[in-house]
2 protein chains.
Amino acid sequence: MTIFATGVGVPHNGGMTEAVIHKRDYEGELKRAGVRLTRPRRVIVGLLTQTEDHPDALEIFRRASAIDPSISLSTVYRTMKLLEGLGAIHRHAFEGGPSRFEQAGGDHHDHLIDLDTGDVIEFKSERIEALQAEIAERLGYDIVHHRLELYGRKRG
Amino acid sequence: MTIFATGVGVPHNGGMTEAVIHKRDYEGELKRAGVRLTRPRRVIVGLLTQTEDHPDALEIFRRASAIDPSISLSTVYRTMKLLEGLGAIHRHAFEGGPSRFEQAGGDHHDHLIDLDTGDVIEFKSERIEALQAEIAERLGYDIVHHRLELYGRKRG
DNA sequence: ATGCAGTTGCAAATCATTTGCAAGAAGAGG
DNA sequence: CCTCTTCTTGCAAATGATTTGCAACTGCAT
Ligand SMILES: [Mn+2]
Ligand SMILES: [Mn+2]
Ligand SMILES: [Zn+2]
Ligand SMILES: [Zn+2]
């Protein structure tokens, strides 16, 4: 089992504002998709590139507003839906909350949600993935995608 | 791996209106919980007892209305929330739809959702359950509950 | 630089679910 | 069986997240 990242927006360093975290070429993807590269879109994808956590639309709106106050929440929603359609980001609907997003492209992984803090911990189990495939196989289905979420609290 | 039931509300027999499917004593649980046994509640839990599928609030409302037309959708929502709190039913928020419910008490199982038909197929894998526990263990967490949903389409 | 289809911000609309409130029934006690 | 109190209900209005209509605006191909 592999642990990918932990925490919600907590930088993995000592607080240094270190930039350039991921490799996704959002602008290229938008261009390829034949849509216009507008200011709001640049701001949003620019910020997603630096994003390590799983922010919801409102949080993305806040972060985008800090860069360009004229951006609207509607546009954030529209852009997230657009990027989701392009497969550039993933949308997670964790229980009891609004959708949260993360950039696609990294290795597939599932999530453990800390019920006390809301923190999202990523993990991956090849064994579980394989078992899921096996189950679908037995049931005569092709899996299009799946959702595995563990909800728990720190042992102690 | 075990398959529990398949289909959405499709009777497993030839269409005979066979009654008494499950064993849950909802009325006793309500009594024990110290709440009143009202007509709407009797109707709803009575119908849940006969329920093998995973209906949403509106569908439960329709079924209840057929028995007592005076029941309101609000009461269905309130009752489902009450039963959920008592642990008498489980709520599932499958992607892109309203909450769907099923009686609690049967063995734990997870679901495969047919993307074409919306059918819900139940299955259970001890191996996956064990792996989940193992993962939480490694991460230092106690799992309170989890969600495993496979979304796919019939192979062919 | 020009023109126009694609985009945006804003407000209003949706959808599922919840809630305020006045009227209506459980059911404990008599 | 009758009362009284409290819990529930039905209805309508409120919520919260997300979507959408529309007129103003702006990429960007020509
Ligand atoms: Mn993730
Ligand atoms: Mn089920
Ligand atoms: Zn997975
Ligand atoms: Zn399970």
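Proteins come first, then strands; the chains are lettered A, B, ... in the order of their sequence lines, and each starts at number 1. Atom set for the values below is all heavy atoms of this structure, side chains included, hydrogens, waters and symmetry mates excluded. This structure is a prediction, so every number in the text was calculated from the model and none was measured.
Residue A:Thr38 places at least one side-chain N or O under 4.0 Å from the OP1 or OP2 atom of C:dT8. For B:Ser99, a side-chain nitrogen or oxygen approaches OP1 or OP2 of C:dT17 to under 4.0 Å. Side-chain N/O atoms of B:Arg41 include one lying less than 4.0 angstrom from OP1 or OP2 on D:dT8. The side chain of B:Tyr77 places no N or O atom within less than 4.0 Å of a non-bridging phosphate oxygen (OP1 or OP2) of C:dT18.
For A:Leu37, the listed nucleotide lying nearest its side chain is D:dC28; candidates were C:dT17, D:dC28, D:dT9. Of all nucleotides listed (C:dT18, C:dT17, D:dG10), C:dT18 comes nearest to the side chain of B:Lys81. The listed nucleotides are D:dG27, D:dT9, C:dT17; the one nearest the side chain of A:Arg36 is D:dG27.
D:dT20 atom P lies 14 Å from atom CG of A:Leu82, rounded to whole Å. In this structure, CG of B:Asp68 is placed 12 Å from C1' of D:dG10, rounded to the nearest angstrom. Summarising the geometry, the separation between CD1 on A:Ile71 and P on C:dG9 is reported as 7 Å, rounded to the nearest angstrom. One interatomic measurement links the two molecules: CG of B:Leu73 to P of D:dA13, which rounds to 16 Å at whole-angstrom precision. In this structure, CZ of B:Phe101 is placed 6 Å from P of C:dT17, rounded to the nearest angstrom. Atom CZ of B:Arg42 and atom P of C:dA25 are 15 Å apart (whole Å). Atom CZ in B:Arg100 sits roughly 12 Å away from atom P in C:dT17 (whole-Å rounding). Residue B:Arg39 contributes atom CZ, which lies 17 Å from atom C1' of C:dG27 at whole-angstrom precision.
A salt bridge links A:Asp116 with A:Arg153; the closest basic N to acidic carboxylate O contact falls under 4.0 Å.
Looking at A:Arg100, its side chain never comes within 3.5 Å of a backbone N or O of A:Ala93 through a donor-acceptor pair.
Residue A:Leu58 is out of contact with every strand shown, counting any heavy-atom pair closer than 4.0 Å.
Under 3.5 Å, the side chain of B:Ser74 and the base of D:dA12 form at least one donor-acceptor pair of N or O atoms. Under 3.5 Å, the side chain of A:Arg78 and the base of C:dG9 form at least one donor-acceptor pair of N or O atoms.
Ring to ring, B:His146 and B:His108 are close: their centroids are under 6.0 angstrom apart.
Between A:His111 and A:His54, the angle of the ring planes goes over 60°, which puts this pair in the perpendicular group of the 30/60° scheme. Ring orientation note: the planes of B:Tyr151 and A:His145 are close to parallel, at an angle under 30° on the 30°/60° scale.
Heavy-atom nearest nucleotides on DNA chain C were determined for B:Pro98 and for A:Gly34, and the one closer to the 5' end corresponds to A:Gly34.
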